[in-house]
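What follows is a single structure, written as structure tokens, with notes after it.
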Amino acid sequence: QVQLVESGGGLVQAGGSLRLSCAVSGRAVSTYAMGWFRQAPGKEREFVAAISYRVVHTDYADSVKGRFTVSRDNAKNTVYLQMNSLKPEDTALYYCAASRFFGSAASSYDYWGQGTQVTVSS
């Protein structure tokens, strides 16, 4: 069984930055493509970013391109999401997820963390 634990969320002013971490246990993170998703109150869960097994490929939602960067450290079994120039509309519960396949579809992800809250004040 794979466990994912997110951390690094918090309250930040618009224009600020946060770095989310996702610690993976139970199996080597290098065997999975990893994704970040978010869900704001009253809205559906949406794709944010993904990174392939060997950091060859990354993908981002249009709304975060140029502001967010996904990375991974397979030696530490950890995936990161660096978020810069944050906007109030980035406020959401952020989840990391693991998949056998690289992509943006939530349905393709097998394992999910519990989420970490990001709140951006205006």
Side-chain angles (χ1 to χ4, degrees):
Q1 188 71 9
V2 177
Q3 293 84 38
L4 309 175
V5 179
E6 303 93 337
S7 62
L11 175 63
V12 64
Q13 288 188 333
S17 298
L18 283 174
R19 187 196 196 199
L20 306 184
S21 298
C22 174
V24 182
S25 61
R27 194 165 179 176
V29 70
S30 59
T31 61
Y32 293 99
M34 300 295 295
W36 287 95
F37 294 78
R38 66 187 182 187
Q39 187 167 17
K43 294 187 177 181
E44 294 187 353
R45 188 173 298 188
E46 64 174 359
F47 169 75
V48 175
I51 186 166
S52 62
Y53 305 94
R54 299 175 183 172
V55 202
V56 175
H57 301 292
T58 58
D59 190 19
Y60 297 92
D62 288 343
S63 59
V64 306
K65 280 181 181 176
R67 300 188 298 121
F68 290 11
T69 303
V70 61
S71 61
R72 65 192 298 161
D73 186 336
N74 289 340
K76 294 183 178 180
N77 254 21
T78 303
V79 180
Y80 305 97
L81 184 68
Q82 177 67 44
M83 305 186 297
N84 300 328
S85 302
L86 282 161
K87 305 175 181 179
E89 50 263 44
D90 294 318
T91 295
L93 188 61
Y94 283 71
Y95 300 89
C96 71
S99 173
R100 293 166 292 167
F101 309 105
F102 173 72
S104 61
S107 58
S108 69
Y109 285 78
D110 303 303
Y111 302 99
W112 293 80
Q114 294 299 306
T116 185
Q117 179 67 39
V118 172
T119 303
V120 184
S121 63
S122 57

Subject >> With sequence neighbours excluded, residues passing ring pair (Phe, Tyr, Trp, His ring centres under 6.0 Å) with Y94 >> reply: none
Subject >> Residues in ring pair (Phe, Tyr, Trp, His ring centres under 6.0 Å) contact with F47, at least two apart in sequence or another chain >> reply: F37
Which heavy atom of [X] sits nearest to which heavy atom of [Y], and what is that distance?
{"X": "A40", "Y": "A92", "answer": "N-CB, 3.8 Å"}
{"X": "I51", "Y": "R72", "answer": "O-NH1, 3.6 Å"}
{"X": "Y111", "Y": "L4", "answer": "O-CD1, 3.3 Å"}
{"X": "S99", "Y": "S108", "answer": "OG-O, 2.7 Å"}
{"X": "Y60", "Y": "A49", "answer": "CD2-CB, 3.6 Å"}
{"X": "T78", "Y": "S21", "answer": "CG2-CB, 4.3 Å"}

So, do [X] and [Y] sit near enough that their side-chain heavy atoms are less than 4.5 Å apart?
{"X": "L20", "Y": "E6", "answer": "no"}
{"X": "M83", "Y": "V118", "answer": "yes"}
{"X": "R45", "Y": "W112", "answer": "yes"}
{"X": "V2", "Y": "Y32", "answer": "yes"}

Original post:
Quick one: side-chain contact (heavy atoms from CB on, under 4.5 Å) partners of V5, sequence neighbours excluded?
Top reply: none
Subject >> With S85 via side-chain contact (heavy atoms from CB on, under 4.5 Å) - residues at least two apart >> reply: R67
ILVMFWY network linking [X] to [Y], side-chain heavy atoms under 4.5 angstrom:
{"X": "Y95", "Y": "V120", "result": "no"}
{"X": "M34", "Y": "Y80", "result": "no"}
{"X": "V79", "Y": "V48", "result": "yes"}

Subject >> D62/K65 salt bridge by N-O under 4.0 Å criterion >> reply: yes
Rounded to the nearest 0.5 Å, how far does [atom2] of [Y] lie from [atom1] of [X]?
{"X": "E89", "Y": "S122", "atom1": "CD", "atom2": "OG", "value": "10.0 Å"}
{"X": "D90", "Y": "T119", "atom1": "CG", "atom2": "OG1", "value": "11.0 Å"}
{"X": "Y109", "Y": "C96", "atom1": "OH", "atom2": "SG", "value": "10.5 Å"}

Subject >> Pairs flagged by salt bridge (charged side-chain N to carboxylate O under 4.0 Å, His left out) wherever residues 101-122 is involved - sequence neighbours left out >> reply: R100-D110
Enumerate, atom names and distances included, each donor-acceptor pair closer than 3.5 Å involving a side-chain atom of residues 9-19, sequence neighbours excluded.
from: S17; atom 1: OG; to: N84; atom 2: OD1; distance (Å): 2.9

Just jot down the side-chain hydrogen bond (donor to acceptor under 3.5 Å, both in side chains) partners of [X], sequence neighbours excluded, or say none.
{"X": "E46", "result": "R38"}
{"X": "D59", "result": "none"}
{"X": "Q3", "result": "S25"}
{"X": "K43", "result": "none"}

